[in-house]
K.L.:
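Dropping a structure here in structure tokens format, bear with me for questions.
Since the model is a prediction, treat every value here as computed from it, not as a measurement.
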Amino acid sequence: MRELPTLARYPFLADTRQYIKDHGPAITDLLHDLLYERARLTSIERLDNALSDSDVGERSLATDADCIMEILSYPLARMVTVCISDPYFQRRYALGEAYHTYKYLLTEPTSFLSAVAKELGLSVHYTPETRLRLFFKDYLRYAPTTYKEWKMVNREVAGGYIALSHKDLARVVQETLRARINTELSGRPCDEDVNRIFMEDIRRLQTILQQRQRRQDAVPVGKLHPEHLPPCMTDLLAATQAGENVPHMGRFALVAFLNSLKLSPTDILKLFSTAPDFEEEKSRYQIDHITGATSSTSYKCPGCDKMRTYGICPTEKMDGLCRRTRHPLNYYSAKWRQEKKQ
Amino acid sequence: MMGGDSSQAFLRDAFEAFYRSHPVELPDRFTRREFAFLMFGGKGMLRHLGFERREQFQDFLEERAPQHAYYSSAYYQAPSAPKMQDKKWMGAELIFDLDSDHLPGAEKMTYVESLAVVKREFQKLVEEFLLGDLGFSEKYVSLYFSGGRGYHCHVKDPTILDLDSSERRELVDYITARDLQDSLIFHERVTARRSYGTQEFASGTSLQMPSPQEAGWKGRISRGIIEIVEEITRSDSPMEKLKEYGVKEKDAERLVQELSEERVRRIRGGMLDQSKAIRKFFLNSALRKTAVSLSAGETDEPVTCDVKRLIRLPGSLHGKTGLRVVPIAIDALERFDPLRDAVVLPDTPVRIQIPSELSVRMKDESFTFSPGEHEVPLFLAAFFLGRKQATLQEPNP
């Protein structure tokens, strides 16, 4: 069994769960007993910090009591998150826990990091004589490969394993933990007792989230503002209207994009009708299919990665905003917000 | 009457006879797969079919003799559900489809030439990337001739069946070297220093290449560059060699001038000289030489990223060539000749009309035909009829 401060720093480990099982209070005591008031307060602190700083925060772990309260605050924070029942908040909380773990892991010996990674199910190879290596499938799943320096092509790959630095593996562990917490909390029912006891904080956090949501929703729909279009869509629209040969994936992306802006199939058709080789029936069939009018699915516009892979992202025309967004739709709404600010 | 309909009926009969005497082996876990077919003379694709028993499938092939047969690389809980989301995806093989249609310049090549070029790309993919860098075990890597214009590779390693589309896309980016950052590969190294009083400055730098033994793209690029340098310097006419690499006359002249013996020695020693023209040429050529050309990023989206793709069924016949989708052992890929090893139809004589001169080498035999009526073996007739290069000669009434 690992030492108490270690368990407090890494409350997701099997050792910590075992410790709570062996030495922790019953769930009713944890929720009601005055003895655990501090653990309950700390759990809310975790959530507040996660929402504001993307990090559940650091507290003193000098005494055994400090450690025990810290350990117990983790399951409580998870239960409260479930009761807040907001997917955005849940993701935010998972990130907060994961990021905090990442910061701790940076200071640990590599053998410990490698052990934690293995416990989270990652295939890691490490001996003091060799470099850290991670199985490529785990790398594909959890490494942030949207960043260029993280792309596999820029890494050392041999025999199915990718060489990593200590820091990079810590980052992969962060992503793994984030995904794991998200999966574990999704679909879990809210405990009525937890809901009652933390009612005030749950309401307070829900209100904050609603306010944020309202700010997000400010983008108007149903009408196209061409000046807010990202370069890829500007190009695709111009090419379509000029009757140039647009690859299948390009037409698909454009229609899905316009559909997400809640343009009706008829409005989309109108945009296309200026093409010299416009065939109404064919275009309508395609548009109806993509927007879900005649098919079982309403397709979503591909993200920037996918656009790049399919060769329809005009990389030479990328602007600063492109580099900061990962989805053409985000670009459009960010442009909209920028303008509103001015 | 001459023309399409009778040719189609003829091919259909030939396919039926073949399927009756040559059962097609089903893919693993076939009850979890969707099947799809294109019929001779049929309109549209027959999709969302599932087979519970082997005999059902064999009966279908014999009775319907489809022009093209496909199965889903994905495993589904309900493969015959008509809506994709009701099929309940369980995982999918990792598929690579290398087709000569996608290769730059393919339209100028003959069928045989373009297949040879695709094979080279395919070999790189399998040896360098799938078995090499990614370390897949040979037992999970199956290779097939597509029956048409390319090769298919199916990877069935159980650990990767659940890769999602974006994870597969990252693999495609890896083997095609998309987003490779040369700054991560080449390092500037200070080669000379000069001091002014107490301060020291770098007065010369050189780009250092990674060692050819290094893992991943680093070593691969270095190996590619050294190979190219040796090819050029060993060549009797370096200018011609450079032109083969697509270097324009003017640039080639400059390169040959700049490639002094001293510079070549330095490149072999790992120092890539800082002359921009040389650096750019070598990096680009090494990339083209070593990366797999999957698709030129044109109209065809990479098959690999699609986790719900239909792919030609191994063992079936290709309706446009009459060739069979045959498996190729990894160590037999080098000497695989599609127009010998995938020819399975019989050599019964058939009379066909050939409108313009044709020549082809099939089953290790060269055939040349002048325009007119000819009696040819059935396998050759199927090849020409399927490709619409000939029509069936109707028997005189």
K.L.:
Given that the side chain runs from C-beta out, which part of A/Y139 has a heavy atom under 4.5 Å from chain B: side chain, backbone, both or neither?
P.N.:
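Neither the backbone nor the side chain of A/Y139 comes within 4.5 Å of chain B.
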
K.L.:
Tell me, do A/R326 and A/D305 make a side-chain contact under 4.5 Å, heavy atoms counted?
P.N.:
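Not touching, per the 4.5 Å side-chain cut-off.
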
K.L.:
Flag the one option from B/E170, B/E214, B/K218 with the top tally of heavy-atom pairs under 4.5 Å to chain A.
P.N.:
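It is B/E170.
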
K.L.:
Run through B/R309, B/K87, B/K308 and flag the one making a salt bridge (Lys or Arg N to Asp or Glu O under 4.0 Å) with B/E34.
P.N.:
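It is B/K87, the one option of B/R309, B/K87, B/K308 that forms the salt bridge (Lys or Arg N to Asp or Glu O under 4.0 Å) with B/E34.
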
K.L.:
Report which part of B/D162 has an atom under 4.5 Å of a heavy atom belonging to chain A: side chain, backbone, both, or neither.
P.N.:
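For B/D162, heavy atoms of backbone and side chain both lie under 4.5 Å from chain A.
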
K.L.:
As an exercise: rank B/I175, B/L163, B/D86, B/D164 by heavy-atom pairs under 4.5 Å with chain A and give me the winner.
P.N.:
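Ranked by contacts with chain A, first place is B/L163.
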
K.L.:
Is A/C301 close to A/F252 at the side-chain level, that is, under 4.5 Å between some pair of heavy atoms?
P.N.:
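Heavy-atom side-chain distance check fails, nothing below 4.5 Å.
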
K.L.:
Does a salt bridge link A/R131 with A/E156, judged by any charged N lying under 4.0 Å from a carboxylate O?
P.N.:
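Yes, charged N to carboxylate O under 4.0 Å.
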
K.L.:
Heavy-atom pairs under 4.5 Å with chain B are the metric here; pick the option from A/R141, A/M152, A/K306, A/K148 that has the most.
P.N.:
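Option with the top pair count is A/R141.
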
K.L.:
Just checking, B/R223 and B/F282: is the charged tip under 6.0 Å from the six-membered ring centre and within 45° of the axis?
P.N.:
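Not satisfied by the 6.0 Å and 45° rule.
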
